[in-house]
There are 4 protein chains.
Amino acid sequence: MTVHSPEARGRGAQGGPADDRALKRERILDAAERVFAQRGFFAAKVADIAREAGVADGTIYLYFKNKDDLLISLFESRMERVNARLAAAVAAAATPRAQLDAFIRAYVDLIVEQPTAAEVLTIELRQSARFMREYSAPRFGELLRLLAGVIAAGQASGEWSDAVPAPHAARLIWGMLDELALAWLLGRDRGGRRGRKPPPAADDSGRKFDIVRAADWVGALVTQGLERRSNA
Amino acid sequence: MTVHSPEARGRGAQGGPADDRALKRERILDAAERVFAQRGFFAAKVADIAREAGVADGTIYLYFKNKDDLLISLFESRMERVNARLAAAVAAAATPRAQLDAFIRAYVDLIVEQPTAAEVLTIELRQSARFMREYSAPRFGELLRLLAGVIAAGQASGEWSDAVPAPHAARLIWGMLDELALAWLLGRDRGGRRGRKPPPAADDSGRKFDIVRAADWVGALVTQGLERRSNA
Amino acid sequence: MTVHSPEARGRGAQGGPADDRALKRERILDAAERVFAQRGFFAAKVADIAREAGVADGTIYLYFKNKDDLLISLFESRMERVNARLAAAVAAAATPRAQLDAFIRAYVDLIVEQPTAAEVLTIELRQSARFMREYSAPRFGELLRLLAGVIAAGQASGEWSDAVPAPHAARLIWGMLDELALAWLLGRDRGGRRGRKPPPAADDSGRKFDIVRAADWVGALVTQGLERRSNA
Amino acid sequence: MTVHSPEARGRGAQGGPADDRALKRERILDAAERVFAQRGFFAAKVADIAREAGVADGTIYLYFKNKDDLLISLFESRMERVNARLAAAVAAAATPRAQLDAFIRAYVDLIVEQPTAAEVLTIELRQSARFMREYSAPRFGELLRLLAGVIAAGQASGEWSDAVPAPHAARLIWGMLDELALAWLLGRDRGGRRGRKPPPAADDSGRKFDIVRAADWVGALVTQGLERRSNA
DNA sequence: CATGAATGAGACTTCATTCAT
DNA sequence: CATGAATGAAGTCTCATTCAT
């Protein structure tokens with residue numbers, strides 16, 4: 001049941017059997033991403049995913065232990081991608097302020113670029129937050145630690161107040177980004193799914209706002225707060 | 001999908017059959033709250049809820065159209081309570097700043113007082129965020145509008161910058177509170193549920209922090225931001 | 001999941017709900033007996049049994065934990081009946097020799113009267129003898145102990161030789177009866193099952209012999225052996 | 001349902017491809033014997049047998065038509081061995097009495113020497129006795145006819161009573177031997193399989209008795225019966 | 001011949017919902 | 001109104017068998 005990595009056979013990049021395996025695994029994960037995003041984890045049938053992936057039902061079980069494992073693997077895969085992108089963005093920036101902006105910007109970019117993945121991460125993987133967070137803790141903690149590191153650096157440099165402990169600040173900022181993502185993803189048009197008519201906008205900020213601009217607001221709120229600066 | 005109302009019989013007399021009906025309905029909702037919090041919506045069986053409520057399985061269907069309706073009704077009931085508390089807290093405060101603090105404080109108090117309800121609202125109701133938000137939109141929008149009103153008032157008075165449009169600021173603040181609640185609720189000890197061993201803390205801020213103190217940080221971050229004030 | 005006995009309610013014999021329950025349970029067991037006898041345990045589908053019993057598939061699971069439990073319960077039920085009959089027959093006889101004959105005769109009668117049950121006990125319940133004997137040990141041991149008691153009494157009285165320890169003699173005698181039952185049951189005509197054509201007789205004694213007469217041979221062999229008596 | 005024969009290629013040259021084929025076929029049968037003995041026929045997966053035999057899953061199907069054919073072929077193979085041994089033992093003895101003893105002794109020796117094979121023949125092949133006996137009839141009949149021949153000879157010589165027809169006597173004796181084998185095989189320690197705790201002994205003769213001594217009892221019972229001889 | 005990845009039919013079991021009492 | 005036994009649709013997962021390499 002061990003999943004061989006594409007390089008497991010020490011070959012090059014030309015399609016060996018290990019590559020085939022990794023490729024098909026990826027195809028199934030992609031299919032699962034779409035189906036979970038569309039129907040939700042519980043409503044998604046393994047048969048749906050198999051059809052979407054173009055494989056037989058049983059094939060799913062050659063690559064994943066069960067439906068739960070598929071969800072967890074999907075989470076791992078996508079979070080790995082997210083963490084890598086965020087880490088790279090932060091690494092490329094010089095100052096804490098620039099790093100924070102880069103973090104926010106990178107996350108928003110990811111959401112816009114890969115809304116289906118974002119939908120699964122932000123919405124469906126919360127299905128039973130309890131259940132997921134247990135599995136998601138490590139990857140999710142990685143993300144929070146990266147952000148906390150940026151905050152802590154800013155605090156250490158004296159640029160930022162240390163009134164709020166860095167780990168908590170990181171979590172609060174994450175809460176903003178998460179909510180932003182959620183609002184934007186839910187506000188998009190995604191075709192009449194499950195025959196439900198689109199409900200009226202939840203609030204004025206609800207549907208179809210420019211998430212890139214909104215990201216700036218997160219940066220602004222986090223750094224400057226709401227208070228009007230006397231010297232502004 | 002119509003939610004049966006306790007007043008459907010149009011009585012209103014105290015102690016009459018209509019009251020009995022309302023009382024039993026409430027008993028079922030309370031049971032559902034506990035069971036949903038414990039097992040999650042999908043894993044919760046109608047029979048579990050019936051047993052917890054001390055009624056027969058079929059009785060559930062005399063008060064709710066189906067399992068979904070039970071979840072939606074539970075959401076409505078609890079959000080009504082939340083909105084009322086938040087509105088009262090805001091109404092009792094004089095300035096926008098005081099109102100914001102009151103809002104935050106009231107929400108945190110609710111979480112601490114009624115963690116089971118909070119768990120359902122914050123965690124389990126997200127199961128299929130799409131599904132829930134559709135139904136939750138009105139009540140949830142009410143909450144966001146209340147908060148946005150506070151922000152807008154502060155901006156109108158010139159106390160707060162209007163760099164971030166009030167509805168968006170409200171949503172971002174809500175994101176912080178939601179994440180705070182989530183972290184705190186997941187971090188609590190709740191007995192070994194479902195036999196899963198407690199996972200390692202996701203991050204330093206993970207388990208068992210003082211949510212009341214953390215609420216102050218939300219206020220601080222929102223109003224002052226991270227930047228060190230020249231005159232601080 | 002506790003199965004109430006018919007008298008659990010302390011009523012009389014007029015059909016209370018507990019009676020209904022016991023009756024339906026019995027109906028399912030009877031259906032299972034027929035289906036197991038016809039198709040074998042593994043080939044028997046729960047749906048087959050449900051149809052045969054005239055209940056819905058799910059109803060089976062209101063009375064039995066799973067398919068295995070159904071088999072075990074069936075074994076328990078039928079062995080109880082067998083043991084009771086054998087014990088009664090032995091009790092009604094005076095001398096060890098008469099008791100042994102009564103035991104043999106009672107067992108053969110049971111097979112003739114209830115060939116379907118006998119088929120399940122003798123053939124299908126051996127499916128995985130290992131599996132079944134584990135569960136069957138107690139009931140089966142009861143039968144062997146009853147027989148061993150008869151042998152031991154005969155040995156104690158000096159009528160029978162104690163060259164063979166009673167428990168072993170009992171087991172050997174049981175082996176004869178079991179083989180006799182098997183041969184007779186397999187030799188009966190039971191309609192073209194599963195479309196398999198009846199195979200040629202296994203041996204001259206194979207098909208359609210008079211099991212009652214054969215039972216006498218068991219008694220003769222056990223008591224007198226093959227050797228021609230000098231005084232015979 | 002035709003069983004592929006190793007000699008199908010009609011070669012017979014030693015060390016040639018036909019031998020390779022026969023050898024691999026034997027390897028698969030050996031593996032099947034172990035796996036069937038361990039897990040039982042229905043629980044045994046073709047993949048298990050392939051792994052045990054050190055071949056690919058598909059290879060099984062180059063040597064056997066299907067899983068049933070594998071079982072039948074295994075039965076044929078082992079029964080052939082058993083019949084040969086029993087026939088040789090009988091042939092080497094002079095008098096019916098000596099032949100009967102030789103038969104019993106040879107069978108017990110086989111069980112002790114090859115308990116795994118014995119387990120499959122005695123226990124697992126009964127899974128669906130109906131199914132197996134249909135296929136097993138010829139080989140099994142051979143065994144019974146051999147034994148019946150011995151009995152008949154003894155009866156013809158006047159040494160033994162002909163009160164019990166030889167074929168029936170043979171079958172009854174076989175029942176004893178079979179039960180003896182079953183009890184001994186089930187009583188052996190075979191490592192904690194399937195995690196089941198060893199059940200309590202079914203009866204006093206249950207676990208760990210000396211099957212060789214017990215074999216003498218079979219002989220004694222068959223020839224002399226239980227009755228105490230007046231002149232003994 | 002050998003391989004083993006893929007197939008897909010099929011069974012057990014669960015559980016929301018109904019309805020006769 | 002309340003009950004809870006019964007229903008039966010539906011989904012996950014297994015595994016014998018096939019077939020392209």
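Residue numbers start from 1 in every chain, and the chains themselves are labelled A, B, ... in the order their sequence lines are given, proteins ahead of strands.
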Item to check | Distance below 4.0 Å between A/Arg21 side-chain N/O and E/dA5 OP1 or OP2 | outcome: no
Next on the checklist: Between A/Arg25 and A/Asp20, does any side-chain N to carboxylate O distance fall below 4.0 Å?
Outcome noted: no
Item to check | Rounded distance (Å) that lies between atom C1' of E/dC12 and atom CZ of C/Phe42 | outcome: 13 Å
Next on the checklist: Between P on E/dT3 and CD1 on D/Ile60, what's the gap in Å once rounded to a whole number?
Outcome noted: 10 Å
Checklist entry - Touch check for D/Ala44, heavy atoms < 4.0 angstrom, all strands: base, sugar-phosphate only, or nothing? => result sugar-phosphate
Checklist entry - Below 4.0 angstrom from OP1 or OP2 of F/dA6, is there any side-chain N or O of C/Thr59? => result no
Next on the checklist: Check this one for me: any side-chain N or O of A/Lys24 less than 4.0 Å away from OP1 or OP2 of E/dA6?
Outcome noted: yes
Next on the checklist: Taking B/Arg78 first and then B/Asp30, would you say they form a salt bridge - that is, a charged N and a carboxylate O separated by under 4.0 Å?
Outcome noted: yes
Next on the checklist: So, does A/Tyr63 get its side chain near the phosphate of E/dA6, meaning an N or O under 4.0 Å from OP1 or OP2?
Outcome noted: yes
Checklist entry - Checking A/Lys67 side chain against A/Lys45 main chain: does a donor-acceptor pair fall under 3.5 Å? => result no
Checklist entry - Once you round it to whole Å, what is the distance between C1' of F/dA16 and NZ of D/Lys67? => result 8 Å
Next on the checklist: From NZ of B/Lys65 over to P of E/dA16, roughly how many Å is that when rounded to an integer?
Outcome noted: 16 Å
Checklist entry - How many Å lie between OH on A/Tyr61 and P on F/dA16, as a whole number? => result 18 Å
